[in-house]
Protein chains: 2
Amino acid sequence: MLDAADAACAAHGARLTPLRRQVLGLVLESPQPIGAYALLDRLKESRSGAAPPTVYRALDFLLEHGFVHKVERLNAFVGCRSATEGHDHHDHAHTVQFLICGRCGHVQELEDASVRAALAKAAAHAGFTPGRMTVEVEGTCRDCARG
Amino acid sequence: MLDAADAACAAHGARLTPLRRQVLGLVLESPQPIGAYALLDRLKESRSGAAPPTVYRALDFLLEHGFVHKVERLNAFVGCRSATEGHDHHDHAHTVQFLICGRCGHVQELEDASVRAALAKAAAHAGFTPGRMTVEVEGTCRDCARG
DNA sequence: CGCCATCGGTTATAAAGTAACAGGTTCCAG
DNA sequence: CTGGAACCTGTTACTTTATAACCGATGGCG
């Protein structure tokens with residue numbers, strides 16, 4: 001997955017530096033959304049000098065290039081699962097949806113075209129030119145509903 | 001508008017105390033989303049003892065009853081425009097959408113049924129039982145696009 | 001080489017949100 | 001009309017999240 005990020009950066013003239021690559025790795029290896037300061041703690045294990053700006057600057061880059069997303073309701077970050085799957089990423093990066101389970105904390109990433117379309121239409125109807133979209137649904141996941 | 005909130009609370013056995021009413025008033029009179037600490041500053045003008053918990057507790061109540069919404073991307077709060085317009089509010093309070101203009105900062109509240117439906121369908125398809133939804137679109141409003 | 005732009009280290013501070021306890025009110029049961 | 005339970009608010013202290021500002025290092029490029 002990191003290799004795909006390398007390739008994507010090379011293709012766009014963006015620099016996936018060791019720090020950024022490491023932060024992306026940490027986000028991706030987390031099974032759940034991870035906060036900036038949790039990330040910082042992990043980062044400190046190998047970089048003693050790491051401080052909040054270290055993490056936030058890396059995250060800014062990764063967000064900007066769509067390698068990670070921020071889950072606003074959790075103030076936490078997830079690796080973008082679709083970014084590394086070869087989509088034409090620049091059309092879709094800003095239209096991702098999250099299903100957040102309130103019980104187990106699991107977060108699932110969706111990329112539903114009809115949601116995107118409905119939202120685009122509603123925005124257009126209001127004379128609004130849409131950019132980045134934040135769509136987050138809190139609820140109960142399949143596993144927790146069964147259990 | 002505050003009167004409608006009085007009525008809604010009376011109907012549900014909720015207590016719109018002077019403090020909560022005042023906070024709701026402050027949120028409603030703000031033309032733009034207002035942060036908790038800005039709210040606190042205003043509150044201090046008449047309540048010298050106001051502190052962060054004062055505001056946050058009132059906001060919790062108002063959020064829970066759908067009189068205000070939180071705009072997650074801004075960490076700010078807006079009065080719910082539809083809450084006071086006599087809708088069956090408990091079905092819709094959790095399915096509101098915001099259009100956030102990146103230039104002028106204006107925030108428009110939408111309540112688009114097709115967005116809600118698309119999202120519900122996508123969630124169901126993933127075996128997910130939806131609860132509160134956060135839908136926020138950043139972009140450019142009509143006025144700013146013209147100017 | 002010398003310049004510019006970008007990156008990251010470092011310190012400090014701002015902004016947002018919560019915990020925990022204490023005093024006061026409301027309101028209902030007895 | 002007491003007395004206790006639940007709820008509301010004041011108050012202090014603190015945690016978590018995020019950013020500002022400055023500086024040296026690095027790397028591309030004429």
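The basis for the numbers below is simple: all heavy atoms, side chains too, and nothing from hydrogens, waters or symmetry mates. Chain identifiers are assigned alphabetically (A, B, ...) following the order of the sequence lines, protein sequences preceding nucleic acid strands; residue numbering begins at 1 within each chain. These figures come from a predicted structure and were not determined experimentally.
- Contacts with DNA chain C (heavy atom under 4.0 Å) in residues 14-27 of chain A: Arg15(A), Thr17(A), Leu19(A), Arg20(A), listed by number.
- A heavy atom closer than 4.0 Å to some atom of DNA chain C occurs in Arg47(A), Gly49(A), Ala51(A), Pro53(A), Thr54(A), Arg57(A), these being the qualifying members of residues 43-58 of chain A.
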Show me, pair by pair, the donor-acceptor contacts under 3.5 angstrom made by side chains of residues 48-60 of chain B, not counting sequence neighbours?
residue, atom, partner, partner atom, Å
Thr54(B), OG1, Ala51(B), N, 3.0
Thr54(B), OG1, Ala51(B), O, 3.1

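- At least one side-chain nitrogen or oxygen of Lys70(B) sits closer than 4.0 Å to the OP1 or OP2 atom of dG17(C).
- Between His65(B) and Ala14(B) the shortest heavy-atom distance is NE2-CB, 3.4 Å.
- No donor-acceptor pair closer than 3.5 Å links the side chain of Gln108(B) to the backbone N or O of Cys101(B).
- Looking only at distances, no side-chain donor or acceptor of Arg73(A) sits under 3.5 Å from a matching main-chain atom of Glu72(B).
- Applying the side-chain contact (heavy atoms from CB on, under 4.5 Å) test between His69(A) and each of Val96(A), Leu62(A), Thr134(A), Val107(A) identifies Val96(A) as the sole match.
- Side-chain atoms of Gln97(A) do not come within 3.5 Å of backbone N or O of Leu119(B) as any donor-acceptor pair.
- OP1 or OP2 of dG17(C) has at least one side-chain nitrogen or oxygen of Asn75(B) nearer than 4.0 Å.
- Heavy-atom minimum distance, Cys9(B) versus Leu16(B): SG-CB, 3.7 Å.
- Taking atom CG on Leu62(A) and atom P on dC7(C), their separation rounds to 12 Å, with Å as the unit.
- Comment: Asp112(B) does not engage Lys121(A) in a salt bridge, judged by the lack of any side-chain N to carboxylate O separation of less than 4.0 angstrom.
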